[in-house]
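The structure appears right after this line, and notes come after that.
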Amino acid sequence: MQFSQEDFEKAKDQLKLLEDDPGNEVKLKLYALYKQATEGPCKTPKPGMLDFVKKAKWDAWSSLGSLPQDSARQKYIELVSSLVSADSSMASGSKSDYQTLQVTTKDNITKIVLNRPKKKNAISTKMYNEIIEALEEAAKDDSVITVVTGNGDFYSSGNDMNNYINISPDDVEKKAKESAKMLKSFVGSFIDFPKPLIAVVNGPAVGIAVTLLGLFDIVYATDRATFHTPFSSLGLSPEGCSSYTFPKIMGLAKATEMLIFNRKLTAAEACSQGLVTEVFPDNTFQKEVWARLKAYASLPRNSLKLSKQLIRRTDKEKLNEANSKECACLQEIWASDECMNAVMNFFQKKSKL
Ligand SMILES: CCC/C=C/C(=O)SCCNC(=O)CCNC(=O)[C@H](O)C(C)(C)COP(=O)([O-])OP(=O)([O-])OC[C@H]1O[C@@H](n2cnc3c(N)ncnc32)[C@H](O)[C@@H]1OP(=O)([O-])[O-]
């Protein structure tokens with residue numbers, strides 16, 4: 001069977017989602033096949049005897065000799081595929097009927113992975129609807145906590161800008177109304193989520209992917225993450241209840257600079273302002289965060305659920321009110337010339353890149 005470059009890229013992405021460590025021997029094999037597939041036979045000088053890691057990698061790559069790049073690519077895909085079938089998270093708990101998400105349940109944790117890495121996990125209409133569905137399922141399943149994270153180098157680039165295009169002028173108002181309705185129910189599913197909800201922010205976050213963080217119970221971020229809400233440069237207004245949660249979390253002055261004037265925060269800044277719970281070095285991020293989450297997920301289910309509900313109880317009415325107001329405001333804005341011009345500007349700038 002012949003595999004395409006797309007299959008190769010997909011295998012690369014799947015590898016990042018494996019939870020079971022395949023061990024050093026397999027990792028070296030994967031490294032060697034990847035290098036051979038992308039660069040051809042090893043021609044770099046042999047590292048010194050005392051440089052153990054580099055030498056082991058060099059040995060693995062050199063051992064492939066003159067294996068053609070196509071064959072290396074094929075072997076890489078086959079090896080990843082066998083690891084995926086053996087990985088307990090993907091083999092047992094995987095719910096595979098999502099197109100834009102990867103949803104698994106393992107060790108009492110339901111993990112919702114935003115899975116459009118090539119588009120920096122931009123949230124398309126399909127993804128909005130799938131997240132609503134995944135949260136509905138997670139609310140009912142027997143997991144203790146639910147985690148949202150991204151596949152690839154971004155957490156999420158926010159609303160998919162293509163959601164705004166191909167709308168005929170006659171349909172603008174109708175589309176604005178439908179989008180506001182969908183957004184209200186999308187944000188509502190975060191407000192109403194009954195169990196502890198945790199964001200594992202694996203890279204930069206933009207727009208609605210940032211504002212929603214105010215509705216999570218814990219936010220862990222890699223030190224590579226940034227937090228940016230460029231609403232005014234797109235002619236938009238804040239959503240995700242951020243008009244209520246951000247001033248409450250970080251104070252009016254900081255929230256205003258971020259939500260109105262597009263100030264981008266580093267992970268350290270977001271943490272010192274209370275939006276992020278804790279920041280981890282990128283090279284140990286996944287390991288440290290998942291070890292901690294596994295321990296949290298072994299705590300008594302009902303106690304965690306009831307405690308979360310008590311903590312959020314007094315805010316619920318205010319959150320629902322903020323959500324309704326924000327969606328009504330966006331419905332008006334979406335149909336305005338100011339917003340359409342800002343979106344057109346965005347696409348014109350992109351086409352000149
Ligand atoms: C809900 C209503 C309210 C609105 C809320 C919001 O979220 S407002 C906030 C809305 N969000 C924004 O304003 C963010 C807009 N995006 C950006 O500013 C930059 O893409 C970046 C900084 C996220 C990444 O820069 P980088 O140089 O590292 O990478 P790159 O640029 O090469 O991107 C790789 C590919 O991904 C694609 N893609 C990425 N994001 C989006 C998107 N949102 N949409 C669609 N596509 C997107 C990009 O086009 C490209 O596709 P291609 O050409 O390969 O087919």
Side-chain angles (χ1 to χ4, degrees), residues 5-6 9 13 100 114-132 148 150-167 172 175-191 199 201-215 222 224-243 245-246 258-266 322-336 338-353:
Q5 182 62 27
E6 208 180 335
E9 296 295 329
D13 291 335
T100 63
L114 311 176
N115 195 23
R116 297 180 72 213
K118 283 191 193 137
K119 298 289 175 190
K120 310 289 180 191
N121 300 322
I123 309 178
S124 57
T125 305
K126 179 95 192 151
M127 194 190 272
Y128 279 111
N129 286 315
E130 289 195 343
I131 293 172
I132 295 176
V148 177
N151 184 13
D153 58 346
F154 261 66
Y155 175 66
S156 168
S157 57
N159 188 47
D160 189 318
M161 296 301 290
N162 294 298
N163 293 342
Y164 294 123
I165 59 171
N166 297 330
I167 305 167
V172 168
K175 175 80 184 162
K177 195 172 171 190
E178 279 169 13
S179 303
K181 194 172 164 211
M182 200 253 319
L183 182 64
K184 192 171 162 204
S185 120
F186 174 74
V187 175
S189 55
F190 285 83
I191 299 174
V201 184
N202 57 300
V206 187
I208 190 163
V210 176
T211 55
L212 282 174
L213 295 175
L215 298 174
T222 158
R224 222 172 34 78
T226 51
F227 300 82
H228 190 203
T229 49
F231 299 126
S232 52
S233 59
L234 293 166
L236 297 169
S237 55
E239 27 55 355
C241 297
S242 57
S243 61
T245 56
F246 277 33
M258 201 175 170
L259 292 175
I260 303 189
F261 297 109
N262 309 327
R263 167 83 197 270
K264 190 197 276 191
L265 302 187
T266 61
N323 188 23
S324 296
K325 288 248 160 69
E326 288 171 354
C327 292
C329 186
L330 274 169
Q331 180 176 334
E332 207 173 291
I333 276 182
W334 275 324
S336 72
E338 191 178 71
C339 174
M340 278 187 247
N341 290 339
V343 171
M344 248 150 54
N345 256 343
F346 173 87
F347 282 104
Q348 265 161 8
K349 268 195 217 145
K350 182 168 142 65
S351 67
K352 280 187 208 137
L353 291 175

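Whatever order the structure lists ligands and atoms in, that order sets their numbers, starting from 1. Keep in mind that this is a model prediction, so the values were computed, not measured.
Looking at D160, N121, I333, it is D160 that brings a heavy atom closest to atom 46 (N) of ligand 1. Of the listed options K118, H228, K119, K264, K119 places a heavy atom closest to atom 52 (P) of ligand 1. Nearest to atom 23 (C) of ligand 1 by heavy-atom distance, out of F154, F347, Y128, is F154.
Residues F190 and I131 have side chains in contact (heavy-atom distance under 4.5 Å, counting atoms from C-beta outward). In this structure the side chain of P117 reaches within 4.5 angstrom of the side chain of N115, judged on heavy atoms. Side-chain contact between S237 and L330 is present, with at least one heavy-atom pair separated by less than 4.5 Å.
The distance criterion of under 3.5 Å between nitrogen or oxygen atoms is met by N159 with respect to ligand 1. Checked against a 3.5 angstrom limit, the closest N/O atoms of I208 and ligand 1 fall inside it. Where the criterion is an N or O separation shorter than 3.5 Å, residue side chain and backbone included, M161 meets it with respect to ligand 1. On a distance-only criterion, Y164 and ligand 1 share no N/O pair closer than 3.5 Å.
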- Item | Derivation of the side-chain contact (heavy atoms from CB on, under 4.5 Å) call for I260 and F231 | CA-CA 7 Å; I260 303 189; F231 299 126; over 6 Å; no
- Could you go step by step and tell me if L212 and F186 meet the side-chain contact (heavy atoms from CB on, under 4.5 Å) rule? CA-CA 10 Å; L212 282 174; F186 174 74; 3.6 Å; yes
- Message: I'd like to know whether N121 forms a side-chain contact (heavy atoms from CB on, under 4.5 Å) with Y155, so could you lay out the CA-CA distance, the side-chain angles of the two residues, the decisive distance to 0.1 Å, and finally the verdict.
- Response: CA-CA 7 Å; N121 300 322; Y155 175 66; over 6 Å; no
- Start with the C-alpha distance between T211 and C241, add both sets of side-chain angles, then the distance that settles side-chain contact (heavy atoms from CB on, under 4.5 Å), and finish with yes or no. CA-CA 7 Å; T211 55; C241 297; over 6 Å; no
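Which parts of ligand 1 touch G158 is read off a 4.0 Å heavy-atom cut-off, strictly below it: atoms 7 (O). Heavy-atom proximity to G207, at under 4.0 Å, picks out these atoms of ligand 1: 6 (C), 7 (O), 9 (C). Here is the list of ligand 1 atoms found below 4.0 Å of a heavy atom in F346: 15 (C). Using a 4.0 Å cut-off to heavy atoms of W334, the atoms of ligand 1 that qualify are 2 (C). Set against the non-hydrogen atoms of L236, the atoms of ligand 1 under 4.0 Å away are 4 (C).
Judged by distance alone, the side chains of S124 and N162 never bring a donor and an acceptor atom under 3.5 Å apart. Side chains of Y164 and N159: a donor-acceptor N/O pair is present below 3.5 angstrom, by distance only.
In plain terms, the two heavy atoms of G207 and P230 that are nearest each other are N-CD, 4.1 Å.
Contacts of I123 with ligand 1, taken as heavy-atom pairs under 4.0 Å, are absent altogether. Proximity of T229 to ligand 1, defined as any heavy-atom pair under 4.0 Å, is not found for any part of the residue. The side chain of A122, and not its backbone, has at least one atom closer than 4.0 Å to an atom of ligand 1 (non-hydrogen atoms only; side chain from C-beta on).
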